[in-house]
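These notes are about the structure you will find just below.
Positions are given from 1, in the same order as the sequence printed here. Computed over heavy atoms, backbone and side chain alike; hydrogens, waters and symmetry mates excluded.
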Amino acid sequence: MGGPSALPLLLLLASCGAPGGANLSQDGYWQEQDLELGTLAPLGEAISSTVWSSPDLLASQDSQPWTSDETVVAGGTVVLKCQVKDHEDSSLQWSNPAQQTLYFGEKRALRDNRIQLVRSTPHELSISISNVALADEGEYTCSIFTMPVRTAKSLVTVLGIPQKPIISGYKSSLREKETTTLNCQSSGSKPAAQLTWRKGDQELHGEPTRVQEDPNGKTFTVSSSVTFQVSRDDDGADIVCSVNHESLKGADRSTSQRIEVLYTPTAKIRPDPPHPREGQKLLLHCEGRGNPVPQQYLWEKEGSVPPLKMTQESALIFPFLNKSDSGTYGCTATSNMGSYKAYYTLNVNDPSPVPSSSSTYHAIIGGIVAFIVFLLLILLIFLGHYLIRHKGTYLTHEAKGSDDAPDADTAIINAEGGQSGGDDKKEYFI
């Protein structure tokens, strides 16, 4: 009898005990609800909005969904994955930052072809968003409609890709030792990108990167400048401005500006052949280098006037060298940036003897004959040594085999030593 009458009292105490109407969160703390104080709600709504204060009566943590934050490059695809261990016979739901439902279970709620279902089970709801725009950034909510409703947040961060940098401030050409300043700018990065400078493989230390917010309020424009003095070695060099940003994932995004440096010419004289001899043809090449390239060459010989030659050709030709051509020669290379004079001392050597073809042939034949004679002498020496050794062996064997018939050169001398018998004999071989 007292049970039914006690329920409205308990509901009233629960709604009046928490300010503004509240319920316990899953960790045992009160959360505000939209119920106004003193407003009677239907019994079903009151039960779904009110939780007993005892933590033992809270729903199991297994019913709490979980997800993860994601980072995606603008124009790419992001996958939002929500999982729950104990679904309590309820479905998972994804909502966008504007609290618009995207998917409720496997049912599409928002007509956006970029959003597709990846996986839907009682324990998981995964969706994908393709061609992500900067406007898609924000907190996405995964909900499961248990008592109370439990949610998990996924923060989606969209990276703005920086545009290819632009270099400005270069004029058509620079003079040697002139100082110049170049500017570099790139827009559309989020967060703000960093700019770096280099000349070829050498790093240039530019000013710190300046950051300015774009009109859309989401991306940034970055700029930097570098000042340096040029030398003749910088002629044709590439000045490179590179943008560094996490959205590029290590890919190179840079712009180069090739510079031209005007400088005075240099020259050196190169002989051809390197060691000229009397009677030969000789070319002295005056190799000029500069920007612009030397257009005029003046050849002179010390102690000789007037100048030998003034021409646009850089070579001085000697058709047939004589001893009298020896001396010091000068070449002046001239351009509209200035001139440079190089020197070369010519020493004409004596003519070298040129062996005739017949003498070369005779020398080859003579060498072959000498080699054959040498081989024959070696052969004769070995043959003679062999015959001498074998002849001595033959005579020894003949002497041992003729005891009963000694040859005519053998004499037997009997010597009697006072004995009648005279048996002792001595043989002497002469």
Item to check | Of all pairs that satisfy salt bridge (Lys or Arg N to Asp or Glu O under 4.0 Å), the ones with a partner from residues 265-274, not counting sequence neighbours | outcome: R270-E287
Next on the checklist: Please list all pairs meeting side-chain hydrogen bond (donor to acceptor under 3.5 Å, both in side chains) that have one or both residues in residues 124-140, counting only residues at least two apart or in different chains.
Outcome noted: R114-D136, R119-E124, E124-S126, E137-K190
Checklist entry - Residues two or more places apart in sequence or in another chain: which of them pass side-chain contact (heavy atoms from CB on, under 4.5 Å) with A98? => result N96, Q100
Item to check | salt bridge (Lys or Arg N to Asp or Glu O under 4.0 Å) partners for E178, two or more places apart | outcome: K171
Next on the checklist: I need the full list of salt bridge (Lys or Arg N to Asp or Glu O under 4.0 Å) pairs touching residues 194-209, with sequence neighbours left out, sorted by first then second residue.
Outcome noted: K199-D234, E207-R210
Item to check | Inter- and intrachain pairs under side-chain hydrogen bond (donor to acceptor under 3.5 Å, both in side chains), touching residues 155-166, at least two apart | outcome: none
Item to check | For T266, side chain to side chain donor-acceptor pair (under 3.5 Å) partners two or more places apart | outcome: none
Next on the checklist: Among residues at least two apart in sequence or on other chains, which ones pass ring-ring contact (aromatic ring centres under 6.0 Å, His included) with F318?
Outcome noted: Y329
Next on the checklist: Which residues pass the salt bridge (Lys or Arg N to Asp or Glu O under 4.0 Å) test with R175, not counting sequence neighbours?
Outcome noted: none
Checklist entry - Residues in ring-ring contact (aromatic ring centres under 6.0 Å, His included) with H87, at least two apart? => result H123
Item to check | Pair listing, salt bridge (Lys or Arg N to Asp or Glu O under 4.0 Å) test, anchored in residues 329-342, at least two apart | outcome: E300-K341
Item to check | For K323, all residues meeting salt bridge (Lys or Arg N to Asp or Glu O under 4.0 Å), sequence neighbours excluded | outcome: D350
